[in-house]
2 protein chains.
Amino acid sequence: MIVRQAANVLEIMEFFAQTRKPATLAEIADHFGWPRSSTFNLLATLSEKGYLYEPRPRAGFYPTPRLLAMAQMISEVEPLPPWTHTLVADLSAETGETASIVAPAGVMAVFIDVVESQAAIRYFATIGHRVPIHATASGRALLLQYSQEERDSVYRKIEFKQYGPSTPISIDAVEAELRNSIDRGFCQSFGDYSRDLAGAAIPLPIGGRRLSVVVAGPEFRIGPRVQEVAALIARTVDRLRPKAAA
Amino acid sequence: MIVRQAANVLEIMEFFAQTRKPATLAEIADHFGWPRSSTFNLLATLSEKGYLYEPRPRAGFYPTPRLLAMAQMISEVEPLPPWTHTLVADLSAETGETASIVAPAGVMAVFIDVVESQAAIRYFATIGHRVPIHATASGRALLLQYSQEERDSVYRKIEFKQYGPSTPISIDAVEAELRNSIDRGFCQSFGDYSRDLAGAAIPLPIGGRRLSVVVAGPEFRIGPRVQEVAALIARTVDRLRPKAAA
DNA sequence: GATAAACGTACATATATGTGAATTTATCTG
DNA sequence: CAGATAAATTCACATATATGTACGTTTATC
């Protein structure tokens with residue numbers, strides 16, 4: 001069950017992140033199609049907790065720096081080493097596609113760092129974006145780092161759906177694809193999850209954390225050069241990863 | 001009316017900001033005294049929206065960098081000029097007390113930047129902290145920047161409560177104190193809002209925004225040297241504020 | 001300066017939602 | 001490797017909660 005008002009809080013904050021200017025109660029209510037009274041209660045709650053204020057009288061609400069302060073606290077622990085951001089930045093620059101660092105989240109994989117392609121047609125993803133772990137290159141690069149038991153445990157919770165023509169719709173299909181990936185030397189996906197979307201990924205274990213790097217983009221651009229892209233990922237990781245660390 | 005699940009989202013995030021490590025459903029539920037099932041729904045919602053993930057299987061949840069990305073977006077607009085942080089940092093260092101930048105939020109004043117005192121006994125405040133605008137030095141330094149009509153509009157919404165022995169409990173009392181402040185050259189408060197708490201503040205208009213700076217601490221330390229502290233604030237602002245700007 | 005429109009706020013009520021208990025799944029222990 | 005213990009899910013129901021409606025206030029229009 002989704003907790004509506006919890007989601008609404010996030011949506012309001014995302015709204016401010018997009019518009020980047022103060023908004024009145026009425027504007028917010030209209031934007032989301034929420035009743036004024038409900039919007040009023042929400043804004044009052046956020047204000048009371050110190051996350052919203054009124055920069056100038058009658059000009060509407062805007063978030064206080066409190067959210068930033070909190071987010072910085074949270075992110076200071078176990079931050080990704082700086083070279084991982086260089087990694088995705090370099091990969092995106094060299095391939096012209098979207099590059100990301102991905103982490104596991106149950107049956108899903110979450111993007112925890114993203115550098116987007118500059119191309120007009122591109123894979124649009126943001127930090128926090130989630131995709132099924134078994135039906136994506138990046139996700140399978142995570143699964144490769146699991147033990148058989150851990151994978152089985154994940155499989156039990158997966159609801160196998162036919163996202164696209166090539167989606168693996170059984171445990172066996174996923175396991176087979178994982179074996180292929182090992183032989184091939186990297187993980188790939190051609191429209192397994194999202195139509196026309198292709199990607200190449202490899203595992204990226206960092207200090208006990210199971211992560212992966214992926215380069216993804218439209219099938220017509222990635223397809224002809226998956227090998228090449230995968231090799232580039234591997235080389236770039238080799239170049240940037242400190243030699244001492246695991 | 002306070003929206004409970006909205007507040008809960010913020011509390012969960014604050015919890016992570018404090019503990020700075022992954023927490024399981026059970027730990028979170030126990031910490032807040034929430035039922036497991038409700039906690040489950042909340043965590044599921046936050047995960048689904050991409051704000052929480054499971055760094056390693058069965059080791060609990062932790063926020064993704066998405067919150068940080070969002071907060072940075074929000075804060076990039078109209079950021080406070082860097083010298084304002086230097087201002088509160090210097091003031092806190094020189095006085096040994098807590099120094100803050102404060103902004104209006106209806107009948108309240110919000111702390112939007114804070115450098116805390118290092119003293120054992122100190123004024124504890126964080127970014128986002130809110131105090132009544134009429135019953136604090138920092139708040140009155142904001143009111144001084146309002147027109148009479150704007151002030152009247154605020155007064156109508158204030159619920160005058162006797163927070164402490166010297167709280168102004170009427171419009172006249174507030175207006176009188178504002179006149180005193182003008183004559184005195186700065187705003188002050190001795191336990192008006194919080195017992196044993198004293199502070200000195202001056203208006204700090206920046207680029208059309210109505211802000212104030214305040215130095216606050218225990219009455220026994222601030223009391224004997226309000227004048228001195230207020231003068232220091234004024235001098236420090238003069239020193240740091242760029243000459244060209246308003 | 002008067003009138004109209006928009007906006008923000010309060011409250012009672014029907015209903016969407018949170019929750020206690022039951023079920024399933026995972027982990028620990030001898 | 002069982003059996004026990006703890007954690008994670010599910011579900012039906014009662015109740016806490018979102019909202020329709022109404023009112024006062026502020027801003028825009030003429």
Side-chain angles (χ1 to χ4, degrees), chain A residues 1-12 22-48 52-62 104-108 146-159 171, chain B residues 1-12 22-48 52-62 104-108 146-159 171:
Chain A
M1 175 194 284
I2 204 166
V3 181
R4 194 120 74 79
Q5 294 294 36
N8 289 351
V9 169
L10 301 173
E11 301 224 321
I12 285 193
T24 64
L25 187 153
E27 284 167 357
I28 296 172
D30 292 349
H31 175 87
F32 290 106
W34 296 339
R36 296 244 165 125
S37 51
S38 313
T39 308
F40 173 75
N41 290 333
L42 247 187
L43 293 179
T45 302
L46 292 180
S47 300
E48 192 137 322
L52 246 40
Y53 75 121
E54 293 148 80
R56 52 201 75 186
R58 254 161 250 124
F61 295 85
Y62 200 74
V107 301
M108 305 295 270
Y146 284 38
S147 69
Q148 187 64 54
E149 293 77 40
E150 292 174 313
R151 278 209 299 278
D152 289 340
S153 161
V154 171
Y155 291 150
R156 247 171 273 131
K157 298 182 187 162
I158 292 180
E159 189 193 350
I171 294 178
Chain B
M1 176 194 282
I2 204 165
V3 181
R4 193 123 72 79
Q5 294 295 36
N8 289 351
V9 169
L10 301 172
E11 301 223 323
I12 285 192
T24 64
L25 187 152
E27 283 166 357
I28 297 171
D30 292 348
H31 175 85
F32 291 106
W34 297 339
R36 300 248 160 120
S37 50
S38 315
T39 309
F40 174 76
N41 290 334
L42 248 186
L43 293 179
T45 303
L46 292 181
S47 300
E48 192 137 323
L52 245 41
Y53 75 121
E54 293 147 80
R56 52 200 76 186
R58 256 161 247 123
F61 295 85
Y62 200 73
V107 301
M108 305 295 269
Y146 285 36
S147 70
Q148 186 65 54
E149 293 77 40
E150 291 174 314
R151 278 210 299 278
D152 289 339
S153 161
V154 170
Y155 291 150
R156 248 171 272 131
K157 299 182 188 165
I158 291 179
E159 189 193 352
I171 295 178

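So that the names make sense, note that chain A is the first sequence line, chain B the second, and so on, each numbered from 1.
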Which whole-number value in Å describes the distance from [X] [atom1] to [N] [atom2]?
X        : N      : atom1 : atom2 : result
A:Ile2   : D:dT10 : CD1   : C1'   : 17 Å
B:Leu42  : D:dT9  : CG    : C1'   : 15 Å
B:Arg4   : C:dT19 : CZ    : C1'   : 10 Å
B:Leu43  : C:dT19 : CG    : P     : 13 Å
B:Asp152 : D:dT25 : CG    : C1'   : 14 Å
B:Glu150 : D:dT26 : CD    : P     : 12 Å

*Under the side chain to side chain donor-acceptor pair (under 3.5 Å) test, residues paired with B:Glu159 that sit two or more places apart*: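 Per chain and number, B:Glu159 pairs via side chain to side chain donor-acceptor pair (under 3.5 Å) with no residue.
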_Using the side chain to side chain donor-acceptor pair (under 3.5 Å) criterion, which residues pair with A:Glu11? Sequence neighbours excluded._
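A:Glu11 satisfies side chain to side chain donor-acceptor pair (under 3.5 Å) with B:Lys49 only.
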For residues 1-10 of chain A, which side-chain donor-acceptor pairs fall under 3.5 Å, sequence neighbours excluded?
from: A:Gln5; atom 1: OE1; to: A:Asn8; atom 2: ND2; distance (Å): 2.7

_Once ring pair (Phe, Tyr, Trp, His ring centres under 6.0 Å) is applied, do any residues pair with A:Tyr62, and if so which ones, sequence neighbours excluded?_
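Once residues adjacent in sequence are excluded, the partners of A:Tyr62 under the ring pair (Phe, Tyr, Trp, His ring centres under 6.0 Å) criterion are A:Phe16.
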*Does a side-chain N or O from A:Gln5 land closer than 4.0 Å to OP1 or OP2 of D:dT17, or not?*
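The answer is no; no side-chain N or O of A:Gln5 sits under 4.0 Å from OP1 or OP2.
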*Short side-chain N/O contact to C:dT25 OP1/OP2 from A:Ser153, under 4.0 Å*: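 No, A:Ser153 has no side-chain N/O under 4.0 Å of OP1/OP2 on C:dT25.
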_By the definition side-chain contact (heavy atoms from CB on, under 4.5 Å), identify the one residue from B:Ile12, B:Leu46, B:Thr24, B:Leu43 that meets it with B:Phe61._
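Single side-chain contact (heavy atoms from CB on, under 4.5 Å) partner of B:Phe61 among B:Ile12, B:Leu46, B:Thr24, B:Leu43: B:Leu43.
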_Sequence-aligned protein contact record of nucleotides 8-14 of chain C, with B where the base is within under 4.0 Å of a protein heavy atom and S where only the sugar-phosphate is_ = SSB----
*salt bridge (Lys or Arg N to Asp or Glu O under 4.0 Å) involving B:Asp30 - partner list, sequence neighbours excluded*: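 Once residues adjacent in sequence are excluded, the partners of B:Asp30 under the salt bridge (Lys or Arg N to Asp or Glu O under 4.0 Å) criterion are B:Arg36.
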*If you pin A:Pro35 and B:Arg156 to their nearest nucleotides in DNA chain D, which one's is more 5'?*
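Residue closer to the 5' terminus by nearest nucleotide: A:Pro35.
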